[in-house]
Each structure stands twice: as C-alpha cells, then as structure tokens.
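Being a predicted model, the structure only gives us computed values, none of them experimental. Throughout, protein chains are lettered first and strands after them, A, B, ... in sequence-line order, and every chain is numbered starting at 1.
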2 protein chains.
Amino acid sequence: MPASKRDQLLATAERLFYEQGFHATGIDRIVAAAGVVRMTLYNHFASKEALVAAVLTARHRRFIASLEAAMAAAVPGQETLALIEAHGDWLRSHSQHGCIMAKAMGEFAEHSAELHALAAAAKADLLARLEAAVARDGLNHSPGLARRLFMVLEGSNTAVALLDTATALADTRELADTLITTARSDAR
Amino acid sequence: MPASKRDQLLATAERLFYEQGFHATGIDRIVAAAGVVRMTLYNHFASKEALVAAVLTARHRRFIASLEAAMAAAVPGQETLALIEAHGDWLRSHSQHGCIMAKAMGEFAEHSAELHALAAAAKADLLARLEAAVARDGLNHSPGLARRLFMVLEGSNTAVALLDTATALADTRELADTLITTARSDAR
DNA sequence: GCGAAGTTAGATAGATCGGTCTATATAGGA
DNA sequence: TCCTATATAGACCGATCTATCTAACTTCGC
C-alpha cells in the first residue's frame with residue numbers, strides 16, 4: 001500500500017521546510033516534489049500555515065515517540081541519561097542541520113502566533129520530560145538541573161550543524177555527565 | 001550629523017531581518033521603514049544578498065568589539081568567565097530573540113553558500129576566542145573545554161528565547177562555572 | 001554659480017507568491 | 001451499476017518579490 005497523498009505531502013513538505021526554510025519554500029515546489037497537484041494540497045490542508053502546523057505536529061509526535069521508547073528501555077535511575085542519549089540519536093538521524101522547531105520559532109515569531117506557540121510548546125514538552133526524568137532519577141534536590149540539561153541539549157542542536165556530529169554528541173554526553181555527577185555529589 | 005542613508009539602511013535591515021526573518025522581509029519594507037527610496041538601497045548595495053552580508057558583517061563586528069572590551073577589562077586568569085559574561089550581556093541587550101547568525105544559517109543553508117559561510121565563520125570566530133581565553137587562563141589541559149563552553153553558549157542563545165532571560169543567563173553562568181571548576185579540579 | 005554625487009519619484013520588468021475555480025478523470029464501495 | 005470521494009490539469013486572481021531604468025531634484029564643495 002503506497003503512502004496516501006496526504007502523507008506524501010507531509011513528508012515532502014517536512015523535508016523542504018527543514019532544508020530550505022519555511023518562507024523560502026513555495027507551495028508549488030512542495031506539490032511538484034510530492035508528485036501531486038496543487039488542489040490536492042488544498043484539499044487536505046486549509047492553507048500553507050495549516051500545512052506547516054501539521055508538519056511540526058507530526059514531527060514532534062515522532063520525536064516524542066522515539067524518546068518514550070528509549071525511556072521505557074532505560075535502566076531505572078538512569079532515565080535522564082537515557083533521554084539525553086535518545087535526543088542525541090534523534091539529532092544524528094533526523095536533525096543534522098539543526099532543530100526544526102528553533103527554525104520555526106525564528107521564522108514565525110512575527111508572522112504567526114499560532115505556529116510560534118506550536119514550536120515553543122514542543123520545546124516546553126522536552127523540558128517537562130527532562131524534569132520528570134530528573135525527578136524519577138532522584139536528582140530533583142538540585143534546583144534547575146533539568147533546565148540546565150535542557151540548555152545543553154539546545155546547544156547540542158546548534159552544534160551538530162557547526163561541528164563534527166560525533167564530536168558534538170560526545171561533548172553533549174560529557175556535559176550531561178558532569179552536570180549529573182556534580183548534582184549527585186552536591187546531594188551528600 | 002544624522003546617520004548616512006547607508007547606515008540607516010543597515011540598521012533598519014538588521015532590525016527587520018532579525019525580527020521578521022530574511023526571506024520574509026522584502027526590499028520594499030526595508031526602504032519604507034528606513035525612509036528611503038528603493039534606488040538608494042541599490043545605490044549602496046548590489047543586491048539583497050549583499051545587504052544581508054553587510055548586515056551580518058557589521059553585527060558580528062559590533063559583537064566582537066564588545067567581547068574584546070570585556071576581555072581587556074578582565075582579571076587575568078578569569079578571561080574565560082569574562083567572555084561568557086560578555087556574551088550574556090550581548091544576549092540581554094541585543095539578541096533576546098535568538099542568535100541572528102543561527103537564523104541566517106538556517107535560512108541560507110540551501111540558498112546562499114556565501115551567506116551560510118559568513119554566518120558559520122562568525123560562530124567559528126567565537127569558538128576560536130573561547131579557545132584562546134581558555135588557553136590564557138591555563139585551562140587547556142582539559143581537552144575540548146572550549147568546545148563544551150561554546151555549546152553552552154549556543155544553548156544560551158536559544159534558551160533566552162524560550163525561558164526567562166535572567167534565569168537563562170544565570171543558568172549559563174552556573175554551567176560555565178561547573179565546567180571550569182571541574183576542569184581545574186581534574187588538573188590536580 | 002558650477003558641477004558632481006547622491007537622492008527622489010515612479011514606471012516597468014518578469015517571476016513567484018498563496019489561493020481559488022472549473023471541468024474532467026479515476027477510483028472503490030454499496 | 002451507479003455514487004461518492006479523491007485526484008488531475010490548468011486557467012486565473014491579486015499581491016508581492018527582486019531588480020532596473022529614466023528624469024528631475026537636492027546638496028555641497030570648489
């Protein structure tokens with residue numbers, strides 16, 4: 001069973017938006033690349049803005065699913081590290097050119113409150129999951145630890161687009177390790 | 001003496017590009033906001049791409065100047081921290097919505113190799129200055145410390161657009177502190 | 001007062017933008 | 001078999017995009 005036209009459009013739009021930017025990617029280029037006609041797009045999505053929203057939502061859903069799979073397989077007490085590792089895996093395989101949510105926030109801050117909020121909510125979701133993992137690992141005596149780990153992951157997002165990916169991810173792991181170790185020793 | 005038309009254009013374009021994005025900001029909106037006519041822009045800049053390049057170059061020059069002023073005033077042996085503090089000051093006063101170079105890299109990765117390289121070079125410049133500061137502070141026994149601090153600053157860039165600015169900057173300072181302290185204790 | 005440089009106003013170009021419309025074709029299920 | 005949903009091809013809309021051109025107007029040093 002071939003992918004539905006809707007799914008083809010979502011996948012193609014996601015790729016083009018991610019690689020070329022949202023404003024710089026026109027409707028015509030998306031439908032041409034998806035091998036579909038313009039009216040088919042407008043049959044499935046009310047507007048370009050709605051298409052962007054669907055793309056961001058779908059991508060975040062996949063991201064969260066991959067995180068949750070990793071968390072489910074994690075050794076208890078090591079959930080925070082497992083989350084960071086899963087984030088790194090996602091970067092390596094899906095976000096080598098930076099985080100699509102960060103790009104969306106930059107492009108839509110003054111153009112679409114809805115899309116900006118959608119991307120910001122995705123970021124907030126990651127922070128909340130970090131906080132939950134930190135709590136489950138018994139590290140919540142260290143105020144702001146999750147927030148600082150979140151900042152490290154944000155730095156990692158940018159760094160993979162600037163440095164060698166393997167180096168950036170190794171640095172991320174080491175940073176997280178240092179923070180968690182420091183937090184544990186502070187607890188004593 | 002009022003600013004030259006060229007300077008008005010540069011300042012206006014920088015503001016609009018930063019707030020609205022590069023592709024989403026048209027020539028006409030820039031010249032209207034600058035109170036100037038379109039031919040004046042093309043009299044000073046060969047193309048929109050040349051204008052963007054001039055904006056990025058000028059902004060990076062100002063950024064570097066503010067870093068160097070802080071470094072010159074820094075206590076010897078504390079240059080790394082001074083640099084991180086100066087980066088935070090720049091974020092607070094000029095980059096509350098994220099780093100313009102990161103935005104440029106995202107928007108021009110597939111549209112202008114020249115502009116992408118320009119923005120990437122600005123990032124590389126910051127990393128190089130971090131490495132120099134780390135060396136002068138006698139911390140270069142810790143391999144990759146500058147790179148990890150760089151990643152923290154990149155995370156800080158994104159975080160100020162997501163969290164409370166003061167909190168994000170305090171976290172950045174604490175992160176840098178932890179890294180430097182860990183590096184010093186590893187040296188013994 | 002003169003000349004040169006910079007600026008203005010505004011027409012013009014061709015491409016592309018997001019979005020709509022209609023008429024035709026092709027499926028699959030009842 | 002017929003009905004409904006979906007897809008196609010392509011014309012069309014007004015707006016906007018970057019860029020160019022010409023002709024008239026300021027400004028300012030000499």
Side-chain angles (χ1 to χ4, degrees), chain A residues 1-56 103-104 106-116 118, chain B residues 1-56 103-104 106-116 118:
Chain A
M1 64 176 197
S4 74
K5 303 280 177 182
R6 194 189 136 96
D7 290 344
Q8 288 175 45
L9 278 167
L10 273 178
T12 305
E14 180 175 329
R15 180 173 57 82
L16 292 179
F17 285 150
Y18 182 56
E19 291 172 359
Q20 325 246 357
F22 297 93
H23 283 95
T25 302
I27 292 291
D28 283 348
R29 286 233 296 287
I30 296 170
V31 298
V36 144
V37 108
R38 188 169 36 247
M39 269 313 292
T40 301
L41 189 154
Y42 283 102
N43 193 15
H44 288 290
F45 305 97
S47 62
K48 185 184 182 181
E49 185 173 2
L51 173 62
V52 174
V55 163
L56 294 184
K103 293 190 184 201
E107 288 204 39
F108 294 116
E110 308 275 328
H111 285 86
S112 167
E114 185 200 326
L115 292 178
H116 182 270
L118 197 61
Chain B
M1 65 175 194
S4 73
K5 302 280 178 184
R6 194 188 135 95
D7 289 345
Q8 288 174 45
L9 278 166
L10 274 178
T12 306
E14 180 175 328
R15 180 174 58 83
L16 291 179
F17 285 150
Y18 181 56
E19 290 172 358
Q20 325 246 359
F22 298 92
H23 283 95
T25 302
I27 291 291
D28 282 349
R29 286 232 295 287
I30 296 170
V31 298
V36 143
V37 107
R38 185 164 45 243
M39 268 313 291
T40 301
L41 189 154
Y42 282 103
N43 193 17
H44 287 291
F45 305 96
S47 62
K48 183 184 181 180
E49 184 173 2
L51 173 62
V52 174
V55 163
L56 295 184
K103 293 190 185 201
E107 288 204 39
F108 294 116
E110 308 274 328
H111 284 87
S112 166
E114 185 200 326
L115 292 178
H116 183 269
L118 196 61

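Note on residues 34-48 of chain B: pairs passing side-chain hydrogen bond (donor to acceptor under 3.5 Å, both in side chains), not counting sequence neighbours, are Asp28(B)-Arg38(B).
Between Ala104(B) and Leu56(B) the shortest heavy-atom distance is CB-CD1, 3.9 Å. The shortest non-hydrogen separation linking Glu49(B) to Ser112(B) is OE2-OG, 2.6 Å.
Counting only heavy atoms from C-beta outward, the side chains of Phe22(B) and His23(A) never approach each other to under 4.5 Å. Residues Val37(A) and Val31(A) fail the side-chain proximity criterion, which asks for heavy atoms closer than 4.5 Å.
At a threshold of 4.0 angstrom between heavy atoms, the contacts of Arg29(A) are confined to the sugar-phosphate backbone, with no base atom among them. Residue His44(B) is classed as a sugar-phosphate contact, given heavy-atom separations below 4.0 Å to backbone atoms only.
In this structure, the CG atom of Asp28(A) is 12 Å from the C1' atom of dA15(C), given to the nearest Å. For the pair Leu41(B) CG and dT8(C) C1', the interatomic distance rounds to 14 Å; values are reported in whole Å. Rounded to whole Å, atom C1' of dT18(D) lies 17 Å from atom NE2 of His23(A). Distance, Phe45(B) CZ to dT7(C) P: 11 Å, rounded to whole Å. Distance NZ (Lys48(B)) to C1' (dT20(D)): 17 Å, rounded to an integer number of Å. The separation between Asn43(B) atom CG and dC21(D) atom C1' is 13 Å, rounded to whole Å. As rounded to whole Å, 17 Å separates atom P of dC17(C) from atom CD1 of Ile27(B). In this structure, Ile30(B) atom CD1 and dA19(D) atom P are separated by 11 Å, rounded to whole Å.
Listed pair Thr40(A) / dT8(D) meets the phosphate criterion, a side-chain N or O lying under 4.0 Å from OP1 or OP2.
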Find every protein N or O atom lying less than 3.5 Å from an N or O atom of nucleotides 20-28 of chain C, and list the pairs.
none

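Residue Glu14(A) holds its CD atom at 12.5 Å from OG1 of Thr25(A), rounded to the nearest 0.5 Å.
Residue-to-nucleotide proximity on DNA chain C shows that, of Thr25(A) and Lys5(B), the 5′-proximal contact is made by Lys5(B).
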Practice item. In sequence, state the C-alpha distance, the side-chain angles, and the governing distance for Phe17(A) and Ile30(A), and then conclude on side-chain contact (heavy atoms from CB on, under 4.5 Å). Key: CA-CA 9 Å; Phe17(A) 285 150; Ile30(A) 296 170; 3.6 Å; yes
